[in-house]
Protein chains: 2
Amino acid sequence: MAAYLNMDTLRFQLFQVHGLENILTLPRFADYDAEAVHILLDAVKDFADRELYPVFREMDEDPVRYEDGKIIAHPKLGHIIRQGAELGLCGSSFDYDDGGMQLPGTVSTMNYYIMDAANNHAPGYMGLTTGAAELIVAFGSDELKATYVPNMLNGSWGGTMCLTEPQAGSSLSDITSTAYPQEDGSYQIKGQKIFISGGDHQHADNFVHLVLARIEGAPAGTKGISLFVVPKYLPGEGGELIDNDVITAGDFQKMGQRGYSTTHLAFGENGGSTGYMVGAPNRGLSYMFLMMNGARIAVGRGASAIASAAYHASQQYAKERPQGRRLNNDGQKDPNQEPNLIIEHADVRRMLLFQKAIHEGSLSLVTQSSVYQDLAEHGPEEDREKYHLLLELLTPITKTYPSEKGKEAIDNGLQVLGGYGFCSDFVLQQYYRDIRIFPIYEGTTGIQSLDLLGRKISMQNGRALELLTEEIVHEITAASQYPDLQRYAKQLGEKLTQAKGVIGFLLQFAQRGEYERFLADATLFMEYFSTLVVAWQWLKMANAAKEALVTGNTPYGEDFYESTLHTMRFFFTYELPRVDSLATILQNEEELTLLKGKEVIA
Amino acid sequence: MAAYLNMDTLRFQLFQVHGLENILTLPRFADYDAEAVHILLDAVKDFADRELYPVFREMDEDPVRYEDGKIIAHPKLGHIIRQGAELGLCGSSFDYDDGGMQLPGTVSTMNYYIMDAANNHAPGYMGLTTGAAELIVAFGSDELKATYVPNMLNGSWGGTMCLTEPQAGSSLSDITSTAYPQEDGSYQIKGQKIFISGGDHQHADNFVHLVLARIEGAPAGTKGISLFVVPKYLPGEGGELIDNDVITAGDFQKMGQRGYSTTHLAFGENGGSTGYMVGAPNRGLSYMFLMMNGARIAVGRGASAIASAAYHASQQYAKERPQGRRLNNDGQKDPNQEPNLIIEHADVRRMLLFQKAIHEGSLSLVTQSSVYQDLAEHGPEEDREKYHLLLELLTPITKTYPSEKGKEAIDNGLQVLGGYGFCSDFVLQQYYRDIRIFPIYEGTTGIQSLDLLGRKISMQNGRALELLTEEIVHEITAASQYPDLQRYAKQLGEKLTQAKGVIGFLLQFAQRGEYERFLADATLFMEYFSTLVVAWQWLKMANAAKEALVTGNTPYGEDFYESTLHTMRFFFTYELPRVDSLATILQNEEELTLLKGKEVIA
């Protein structure tokens, strides 16, 4: 089987970079030690090797299809989901009392990373079911929990998140699905939802849809949205399943992730779909958003994992393919020499190092956010607010950087193969197509960027940014102890100072009430700031590698750590300097993208 | 029908930016005036609207397939090719004596641009047939010309270029196809060729393959390669077609351009394929490379055209799709307001302006190279060397910039549509897939970049670079006359000075014999230098727009010219500053991508 990730990289991230052992000392995780985590990761890897990777190409070549009102997915999908559920992968972070394993979210993230790298089409079905169950567990009544959650966690029922509507897209304030109160306290739900991932397939006995809708007469905008459980089939008292008028109206055919259904659902078209409110009225969006950090980290995780798989596929090709010759010292090539392997050519090495720098930097960022989430939820009480703020600030970046830069990394991976990269016989083109949805999922890059610059940077008077700065300075200080890391520490310190200037420049527009101008280049600010954040992660990885080498704690061999240091240097040499131009662009005095009177885009 | 280009943009490029009327004064083009060119462009646009655009989606959804040793392409392809040939589009720049229209290459480029924008799958069949015929016309015997060219130009026979072999890829020096001399002066050809675009389909009566092969015993490397005409069927004396043992061994299934066949051909497997040498022995590669400038401009042209089509498709969506609301001065949105059209949002406007800046900048670059080619071939004798050098320098950039940045532009176009951009119901995902081959075609970006930095920058002691600098300074001087263009003129002047420093830094490695180091970052140098070159093109467009506005010569309406100026400002504000970071990266003192002893990419 082709490699799609390096397990040593995952272990290094968890234990040597991000100190998972500190998290395992928290009372909630008393049943786990490092050994237990290693065993679990190996079991998931084995599952991914056996069940997920072998059907990855098939799920693309023979995609999900819509037939007679039903979605037909890959024949093995049901088996995969049930096997995954048996391993505990649905709801693994839930409380024991709620049917979970009380696993740290960080470990759960790594489990899904392994699955996503092997096959990014299948794990989404499990991930969304977990997310839907999590909403019920967190905000639903005991009856809702008891009725729906067990079958979701054992893999026999699917779960979904129903947000998007055809007319509203990203603008959730324009949702029109309506909930009509019934005498028994339930609601009749009417409305159309689109882009519902995993919204139907032949392998689940039932689907539990978490639906955003407005109670009739609710206020306009996001303040009038409530959350409902709307099952495809209502469980009867005798365990029978009763049709609930949830129609699968279609499946969106897509460029990638073709094995993962993207459905159009119609609720209550023929009589009525019964729904049950989760929590209080008009609080739906705030519930959804509490889950959204996790969902956004999951998107970043998936993108990082696809980039890992593409890296390994292109690296394998580069190590096996002879082509062309290295230049002699006179600038010529000798055609009588044997051709070199293409991994010996500098341009190919650059493309591989770029991919490694991006996908490992992304994984580190995802792991960092997961650690913050674990600490915010289960860490010492007095630190939770701090980690919550750090998580809030990092979330839009963790969703976006792996998605945008992972796309670019895979583009390089495809290019390594030349013409073969474009051909269906090789997997790179599938990774290239699959990852393209990630900058769109769960709030597009534009939306995430508005969140980062418009809300997170200035939240609590910039407190989150202050905390992040402290974390970055901490790594800079640590790196300054190693003579050969000092120049990189210094470089990151300079960029941090530069960032203060850029942020100050932009904030003055907000202070003057020029909000459109303030946020006009938010997407470029995301590109700017996320590069800085990933440089911090690379310095953190370098510190960990250095410490391992100095102390001789090198379980993955010295080359592994040297390679980490080399890739850090690559990131600081080839990627980090790009922020300088972005700083110039962000501080431009023109206002070229604002709509002003006459339309000039012709 | 959806718009895929703006004809005013083409006319502006030809007549107001690039002075086609000067070319039309050359003796060779005496039969053409501006009016004739306008009529021809309109005829091609009409052809593209009628025949090409309507089958564009179908050619993707029902791709070329391989059945029983034959390639089956779209049923209308034969009709399209014959209609195109009737319009004179095969070999339109050839001499009248050779069956051509003696059209300026610049106009011919624009004709193909129109076709590529409407449907980038079909015109390749005509373009390659023209290229193959051009080689025969330029270097072949009168007999070869008489036997093969007329049927190629009338659209009944196809033509191809057979360079790549499975084991050699981009490394043409490793070609092993062999030509065995026969007593009658012909050769028996044996070998495998892959990635042969347009190499077979059911609509052509015959195929004329231009094949690179080694005469038995020829020297190793590129100096032992000769060029042969190898027809699929040998024309008999009575006009009958005799099988020539050219087997279509397969069709590569691809991520994009699925309506354009990419064949695997086997020559002489069962007895022998008769071939006829073109020109002299061992000169094959030099002949091929004389045509290669044209082929590389054609790749840049195609990529520019796809980016134009994607721009127009995303712009149309943005003008029709209401979603979200602009921010008020207090940073809030009023949910009771009607949603805005998304073209009113700054981030969407940025994505559209980016696409416009890239695709029009690319078209201007392609047009510039075509003008240089016309002048190098048919201009005043004393200037030809100058224009030849300019063309040589611009060719790798003209191939690469539209391909790489067009890909990025279309990525933005897809993003404008959000989730719909990823769905097969919308065309953006097809453009996204189609353009991905362009950075690979006709020498990958890596190969083009080695050509630019390794050969072209220093050719004739830097004479080409000197000439280009003069051309750029000419536009800077012109722009300095307009007060509101002065800052952009100054900015470009500063970058030109910076570029001298960067080039000097890199050349010192060549001077020291460190060739691998010299060329290690050639691809980044391409990104750097091509951005500068396109900034020059934007300044040239701005000068033309300004002159039009000042003199009142505004045939496309004042808004058209204002929009051109606005887009130039966008390019100088959002794109050109990126060269600063690239200059830093290119002047790095580390050597991170060179293979040195131990392998560190793990």
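Per chain, numbering begins at 1; letters A, B, ... match sequence-line order.
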Closest non-hydrogen contact found for B:Phe195 with A:Cys423 is CE2-SG, 3.9 Å

Correct closest heavy-atom pair for B:Met255 and A:Leu414 would be CE-CD1, 4.2 Å

Listing, residues 436-444 of chain A side-chain donor-acceptor contacts under 3.5 Å, not counting sequence neighbours, or none:
from     : atom 1 : to       : atom 2 : distance (Å)
A:Arg436 : NE     : B:Asp411 : OD1    : 2.6
A:Arg436 : NH1    : B:Gln415 : OE1    : 3.1
A:Arg436 : NH2    : B:Asp411 : O      : 2.9
A:Arg436 : NH2    : B:Asp411 : OD1    : 3.2
A:Arg436 : NH2    : B:Gln415 : OE1    : 2.9
A:Tyr441 : OH     : A:Gln257 : OE1    : 2.4
A:Thr444 : OG1    : A:Gly446 : N      : 3.4
A:Thr444 : OG1    : A:Ile447 : N      : 3.3

Query raised in the report: Between the main-chain N or O of B:Arg349 and the side-chain N or O of A:Thr593, is there a donor-acceptor pair closer than 3.5 Å?
Result: no

### Message
Any side-chain to backbone donor/acceptor pair from B:Thr584 onto A:Pro577? Under 3.5 Å, distance only.
### Response
no

Exercise. Is any NZ, NE, NH1 or NH2 atom of the basic residue among B:Glu590 and A:Arg487 found under 4.0 Å from an Asp or Glu carboxylate oxygen of the other?
Worked result: yes

Let me know if [X] has heavy atoms under 4.5 Å from chain B in its side chain, its backbone, both or neither.
X        : value
A:Leu586 : neither
A:Gln167 : backbone
A:Leu524 : side chain
A:Ala520 : both
A:Tyr574 : both
A:Thr445 : both
A:Phe518 : neither
A:Asp580 : both

Non-hydrogen atoms of chain A under 4.5 Å away: do they reach the side chain of [X], the backbone, both or neither?
X        : answer
B:Asp174 : side chain
B:Arg325 : side chain
B:Arg433 : both
B:Pro322 : backbone
B:Gln430 : neither
B:Tyr420 : both
B:Thr573 : both
B:Lys407 : side chain
B:Leu172 : neither

Given A:Gly421, A:Pro335, A:Gly454, the one with more heavy-atom pairs under 4.5 angstrom with chain B than any other is A:Pro335

Looking only at A:Tyr432, A:Phe426, A:Phe252, most heavy-atom pairs under 4.5 Å shared with chain B are made by A:Tyr432

Output for pair (B:Ser173 OG, A:Lys333 NZ), nearest 0.5 Å, gives 7.0 Å

In terms of heavy-atom pairs under 4.5 Å with chain A, the winner among B:Pro339, B:Ala168, B:Ala510, B:Ser449 is B:Ala168

Item to check | Distance-only donor-acceptor check, side chains B:Asp347 and A:Thr523, under 3.5 Å | outcome: yes

